[in-house]
Amino acid sequence: MLDKNYNPKDWEENIYKNWEAAGYFKPSMDKSKEPFCIVIPPANVTGVLHMGHALDYTLQDILTRYNRMQGKNVLWQPGTDHAGIATQMVVERNLAKQGVSRHDLGREKFIETVWKWREESGGTICRQLRRLGSSCDWSRERFTMDEGLSRAVRKIFVNMYKDGLIYKAKKLVNWDSKFMTAVSDLEVVQKEAMGKMYYYRYPIEGEEGNFVHIATTRPETMFGDTAVAISKDNEKLKHLIGKNCIVPIINKVIPIIADEHADPEKGTGAVKITPAHDFNDFEVGKRHNLPLVNVLNPDATLNENTPFAGMSTMQAREATIAKLTELGLMDKIEDHPMVIPYGDRSGVVIEPMMTDQWFVDAPKLAVEAIKKVENGEVQFLPKNYEKTYFEWMRNIQPWCISRQLWWGHQMPIWYGPDEYIFCEENEDEAKSAAKEFYGHEVELRRETDVLDTWFSSGLWAFSTLGWPDKSEFLDTFYPTSVLVTGFDIIFFWVARMMMMSLYAMKKIPFKTVYLHGLVRDEHGHKMSKSKGNTVNPIEMIDKYGADALRFFMAAMETQGRDINMSEARIAGYRNFATKLWNAARFGEMNQIDFGADFDENKAQGQVNRWIVAKAKKTTKEVSRSLNNFRFSDAANAVYQFVWGDFCDWYIEMSKPILYGENEIEKAETKAVFAWVLKRIMLILHPFMPFITTQIWNSLGMQDELMLQNWVRDEKIDTQAEEAVDWVIEVVSKIRSLRVEMNLPAGAKLKAYLQGASPAKDYLKDMDKIICSLARLEFLQIREDEATQDMVQVVTSKGVILLALQGVMDFAAECERLTKEITALEHNLRSYEAKLNNPAFVEKAPEKVVAEERRRQREASDKKKKLEEALTIIEKCMK
RNA sequence: GGGUGUGUAGCUCAGGUGGUUAGAGCGCUACGUUGACAUCGUAGAGGUCACAAGUUCGAGUCUUGUCAUACCCACCA
């Protein structure tokens with residue numbers, strides 16, 4: 001039995017528990033079935049569910065449930081990510097509240113704390129995923145730092161190192177001075193800001209009063225200058241090339257060199273070269289063999305190579321300018337728009353810094369990864385993201401994978417006494433390798449750096465399936481079927497997965513990449529905590545049910561475009577669920593037996609045949625749309641069928657039969673009703689798994705809905721469609737006329753059909769239905785002419801004549817209409833006068849004028865309508 | 001500087017290969033408690049499909065340009 005009201009909160013969580021307990025999310029592992037697999041984009045363990053997750057996971061669950069219902073062997077592989085920097089940051093912040101720093105604890109204790117913290121709060125996002133209805137196989141849940149995945153990370157690392165694809169190098173990298181670690185290019189965000197350009201001059205060595213003028217946005221780095229560059233094409237300045245100049249304050253002599261990096265058009269044409277703190281200067285330095293002078297400490301304060309050791313860069317900048325001014329070397333300071341790099345997590349300015357770091361040879365790995373997309377083995381949807389992917393991959397830089405953090409996969413690298421590198425999967429192997437190398441046992445020192453989180457995420461498609469061990473799951477499900485993720489993650493994750501998977505497996509990780517957009521607020525602004533415009537999906541679920549939120553996501557998802565949040569719309573889909581709930585209750589109240597088998601092809605009644613055809617058409621449309629990842633088309637097709645065809649028309653049309661005397665018709669209609677409702681449960685289930693299961697179970701169905709088979713390749717009987725579509729047309733037109741002519745709502749009209757076949761034939765079966773829906777006393781066929789008191793309703797298949805005699809008082813109505821028309825005419829005159837007044841039109845605000853025009857148009861339209869009605873009535877009176 | 005989107009009803013958005021009268025939800029107006037449902041029903045108002053030119057028998061849809069707007073990448077001494 002169904003409750004009187006639709007209250008999803010009462011049973012959603014319970015239904016989920018039953019599914020999970022029964023093991024329905026596990027793949028069948030039936031070898032004869034086609035495999036289908038999605039690996040979940042691992043959520044940050046520290047995270048809580050946001051709208052982006054809700055979208056991402058809803059789409060995946062729809063695909064998972066749909067394919068499961070296709071009878072495939074389906075695995076949705078879940079898991080979470082250790083999210084190095086993000087997690088370490090959260091735990092450090094927690095510790096700070098107790099006045100403890102990670103250094104107080106030491107590395108080992110700190111990592112213990114992180115693990116403990118994960119145990120306590122790490123399950124949140126997975127619990128929230130369950131609230132959404134996600135049918136992933138939780139028994140296979142993985143974590144990027146669990147034992148198996150850590151082993152995969154070490155193995156890949158060792159292999160790549162030995163293949164020369166991972167190497168250590170002293171390079172200029174992006175340095176985050178808050179976390180005191182290197183970060184990759186992708187973790188740096190460029191922000192525009194108004195800064196200052198400082199113009200000052202360096203004296204030329206041995207030429208009193210001669211200077212080279214330079215311009216810079218970062219004067220405090222001048223202590224790291226090891227040259228000044230000028231273009232050899234710079235006619236004005238090229239005479240200085242070859243001379244030396246003096247860095248003031250520290251009085252250091254540096255050469256003036258020729259380099260094309262110095263654009264004569266920019267700045268002063270002469271550039272100070274600071275190879276240790278600028279990516280361009282670094283390249284210049286390499287070309288000219290310039291020494292590197294580091295002027296910063298890891299926390300971005302100035303070091304002892306400068307006169308301002310210990311100062312922050314901003315303090316040092318001021319001090320430098322003050323000193324230069326004192327020395328009389330400042331020329332000018334100008335406002336200058338510039339782009340400053342910030343750490344995406346730390347929010348502090350990123351400094352290019354010379355350090356020892358580890359790199360993956362991404363340019364080499366990219367070659368295959370590009371090819372597989374070019375040749376179509378991997379397809380991006382929407383397709384234009386392939387261009388973005390190519391663009392990035394073809395210009396890819398070596399990937400800095402080492403992080404000077406504590407939380408993460410410590411690199412499997414050991415150093416011998418002479419710093420010789422041993423890269424092995426564990427300490428024992430490293431030791432024996434060292435023993436072999438040195439001829440005796442030695443003390444080894446392990447590398448303290450950890451790996452970029454995305455290194456382990458990059459292995460996700462195969463590591464979660466059991467790699468490097470032999471695994472039935474790996475054999476069955478790799479390559480996976482489709483990857484669903486946000487477009488913002490293409491570089492971070494999709495590209496890395498392509499490269500790592502192709503390296504490790506020699507096979508693509510997935511066949512299709514479906515990229516969706518961002519969920520924005522209702523006005524299209526990006527959601528952010530600082531703006532305070534975030535919406536919590538769990539709150540939406542509490543308020544409207546998970547099904548409503550899911551359906552919203554599906555219905556809004558078109559071709560990967562961004563989605564604007566709309567609570568009103570979610571409420572609308574809750575209403576849709578209520579509507580369906582009540583339709584099911586209607587069936588229940590009419591003692592419909594849902595358990596009985598029925599061959600829908602045997603239905604005789606027009607209306608029954610019609611709804612069966614519509615149901616099959618909708619099924620086909622949903623299949624076709626989901627096969628092509630057209631989520632909104634699929635959702636809208638079901639929505640329109642359930643609310644429009646089934647509730648608005650079929651239920652109303654079946655009432656006269658259900659309440660009538662014809663037992664044969666009644667029995668068939670009940671059977672068809674049951675068949676259609678069950679079909680709705682089936683095709684709606686991927687979108688709204690909770691309500692469909694609840695109704696299914698409440699109606700006494702024994703088998704589990706989510707394991708039912710989807711129906712394919714049905715014959716659709718299109719013959720019945722035309723008849724019922726005409727009935728709908730007739731009823732709609734009569735209803736319109738009733739309102740337009742102001743007929744009393746309860747008045748029963750006499751109606752006659754003037755028409756030939758097929759309308760006449762349709763009438764045989766359906767006059768009762770038309771009468772009931774259009775509130776007619778009767779509808780008969782009439783061959784002779786219409787009498788005066790009749791109005792014509794023209795339909796596509798014949799004319800319906802409505803007899804108005806006795807329904808309304810013609811004289812009174814005539815008087816009412818005339819009065820109303822007179823009043824409107826009066827109004828129209830006043831609008832016209834106003835709008836013809838040039839003073840009004842020119843001086844009044846545009847809005848007011850437009851409003852006046854709108855009123856005028858409205859009044860004029862209404863007048864026309866009333867006049868038409870009056871004409872009809874006058875005719876009737878004759 | 002290079003690239004990718006978007007611009008359709010008051011609001012938020014749909015409109016694969018060009019084809020009757022351009023759709024939906026919300027909002028709005030009028031009416032309505034008829035034996036599933038007021039979380040509802042019936043009817044209705046509301047659009048120069050950003051602008052301009054072109055291709056075509058026919059353009060919201062294709063081409064070119066303009067304007068507006070969002071994002072991505074790179075660079076900026």
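Below, read A as the first sequence line, B as the second, and so on, with proteins coming before strands; counting in each chain starts at 1.
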Practice item. Could you tell me whether A/K196 and A/D335 have a side-chain N and a carboxylate O separated by less than 4.0 Å? Key: yes

Check your understanding: OP1, OP2 of B/G3 versus side-chain N and O of A/K387: anything below 4.0 Å?
Key -> no

Every protein N/O lying under 3.5 Å from an N/O of nucleotides 21-23 of chain B:
none

Review point. Dot-bracket for RNA chain B, 5' to 3', with Watson-Crick and G-U pairs under 3.5 Å, [ ] for crossing pairs and | for other-strand pairs: what is it?
Key: (((((((..((((.....[...)))).(((((.......))))).....(((((..]....))))))))))))....

Check your understanding: To the nearest angstrom, how far is A/F279 atom CZ from B/A74 atom C1'?
Key -> 14 Å

**Study point:** Touch class at under 4.0 angstrom, heavy-atom based, for A/A262 against every strand present
**Key:** base

Revision key, fill the gap. For A/E374, the side-chain hydrogen bond (donor to acceptor under 3.5 Å, both in side chains) test, sequence neighbours excluded, returns A/R394

**Study point:** Heavy atoms of other groups near A/K620 NZ, more than 12 under 6.0 Å
**Key:** no

Check your understanding: Between atom CG in A/L515 and atom C1' in B/C72, what is the gap in whole Å?
Key -> 13 Å

Exercise for review: For A/T216, answer base if it contacts any base atom (sugar-phosphate contacts may also be present), sugar-phosphate if it contacts only those atoms, and nothing otherwise; contact means non-hydrogen atoms under 4.0 Å.
Suggested key: sugar-phosphate

**Study point:** Closest-nucleotide ordering on RNA chain B, the 5'-leading residue of A/Y385 and A/Y573
**Key:** A/Y385

Review point. Nearest-Å distance, CD (A/E283) to P (B/C75)?
Key: 11 Å

**Study point:** Salt bridge A/R816-A/E813, side-chain N to carboxylate O under 4.0 Å
**Key:** yes

Exercise for review: Return the value, rounded to whole Å, for the distance between atom CG of A/L866 and atom P of B/G44.
Suggested key: 15 Å

Under 3.5 Å, which donor-acceptor pairs do the side chains of residues 564-572 of chain A form with other protein atoms, sequence neighbours left out?
| unit_1 | atom_1 | unit_2 | atom_2 | d |
| --- | --- | --- | --- | --- |
| A/S566 | OG | A/R569 | N | 3.1 |
| A/E567 | OE2 | A/K543 | NZ | 2.6 |
| A/E567 | OE2 | A/Y544 | OH | 2.7 |

Review point. Checking all strands, does A/K266 fall into the base, sugar-phosphate, or nothing category for heavy-atom contacts under 4.0 angstrom?
Key: base

Between the protein and nucleotides 11-16 of chain B, which nitrogen or oxygen pairs are less than 3.5 angstrom apart?
| unit_1 | atom_1 | unit_2 | atom_2 | d |
| --- | --- | --- | --- | --- |
| B/U12 | O3' | A/N564 | ND2 | 2.6 |
| B/U12 | O2 | A/R569 | NH1 | 3.3 |
| B/C13 | OP1 | A/N564 | OD1 | 3.1 |
| B/C13 | OP1 | A/N564 | ND2 | 2.1 |
| B/A14 | OP1 | A/T558 | OG1 | 3.2 |
| B/A14 | OP1 | A/R561 | NE | 3.3 |
| B/G16 | O6 | A/R624 | NH1 | 2.6 |
| B/G16 | N1 | A/R624 | NH1 | 2.7 |
| B/G16 | N1 | A/R624 | NH2 | 2.9 |
| B/G16 | N2 | A/R624 | NH2 | 3.2 |

Review point. What string of B, S and - do you get for nucleotides 29-43 of chain B 5' to 3' if you count protein non-hydrogen atoms under 4.0 Å?
Key: -----BBBB-BSSSS

Review point. Which whole number of Å gives the distance between the P atom of B/A50 and that of B/G60?
Key: 10 Å

Revision key, fill the gap. Separation of B/C75 atom P from A/N395 atom CG, nearest Å, is 11 Å

Exercise for review: Tell me, please, which residues at least two apart from A/F690 pass ring pair (Phe, Tyr, Trp, His ring centres under 6.0 Å).
Suggested key: A/W19

Practice item. Indicate yes or no for a side-chain donor-acceptor contact from A/N533 to the backbone of A/S528 under 3.5 Å, with no hydrogens or angles considered. Key: yes

Review point. What pairs with A/Y198 under ring pair (Phe, Tyr, Trp, His ring centres under 6.0 Å), at least two apart in sequence or on another chain?
Key: none

Exercise for review: Round to a whole Å and report the spacing from CG of A/L518 to P of B/G5.
Suggested key: 17 Å

Review point. In whole Å, what separates the P atom of B/U21 from that of B/C28?
Key: 32 Å

Review point. Closest nucleotide of RNA chain B for A/N384 versus for A/T217: which of these residues is on the 5' side?
Key: A/N384

Study note, to complete from the structure: Those residues at least two apart in sequence (or on a different chain) that pass ring pair (Phe, Tyr, Trp, His ring centres under 6.0 Å) with A/F282 are none

Check your understanding: Are the aromatic ring centres of A/Y514 and A/F380 under 6.0 angstrom apart?
Key -> no

Review point. When the distance from CD1 of A/I489 to C1' of B/C72 is rounded to whole Å, what number comes out?
Key: 14 Å

Review point. Using atom C1' of each nucleotide, how far apart are B/G46 and B/A70 to the nearest Å?
Key: 28 Å

**Study point:** Spacing of the C1' atoms in B/G7 and B/U12 (rounded, Å)
**Key:** 14 Å

Review point. Which whole number of Å gives the distance between the P atom of B/C51 and that of B/A9?
Key: 11 Å

Review point. Roughly, in whole Å, what's the span from CZ in A/F390 to C1' in B/C73?
Key: 16 Å

Exercise for review: Sorted by first residue and then second, give each salt bridge (Lys or Arg N to Asp or Glu O under 4.0 Å) pair with at least one member in residues 546-557 of chain A; sequence neighbours left out.
Suggested key: A/D61-A/R550

**Study point:** Qualifying residues under side chain to side chain contact (heavy atoms under 4.5 Å, CB included), relative to A/E777, sequence neighbours excluded
**Key:** A/K748, A/K750

Point to revise | Proximity of A/F576 and A/Y639 rings by center, below 6.0 Å | key: yes

Point to revise | Partner residues of A/F641 under the ring pair (Phe, Tyr, Trp, His ring centres under 6.0 Å) criterion, sequence neighbours left out | key: none

Point to revise | Atom C1', compared across B/A43 and B/C49: separation rounded to whole Å | key: 26 Å

Point to revise | Rounded distance in Å between the P positions of B/U39 and B/C71 | key: 40 Å

Practice item. For nucleotides B/G65 and B/C73, find the distance between their P atoms and express it as a whole number of Å. Key: 26 Å

Point to revise | Minimum heavy-atom distance A/V793-A/K733, with the two atoms named | key: CG1-CB, 3.6 Å

Check your understanding: For the ring-ring contact (aromatic ring centres under 6.0 Å, His included) test, which of A/F492, A/Y389, A/Y385 pairs with A/F487?
Key -> A/Y385

Check your understanding: What nucleic acid atoms does A/D263 come within less than 4.0 Å of, heavy atoms only: base, sugar-phosphate, or nothing?
Key -> base

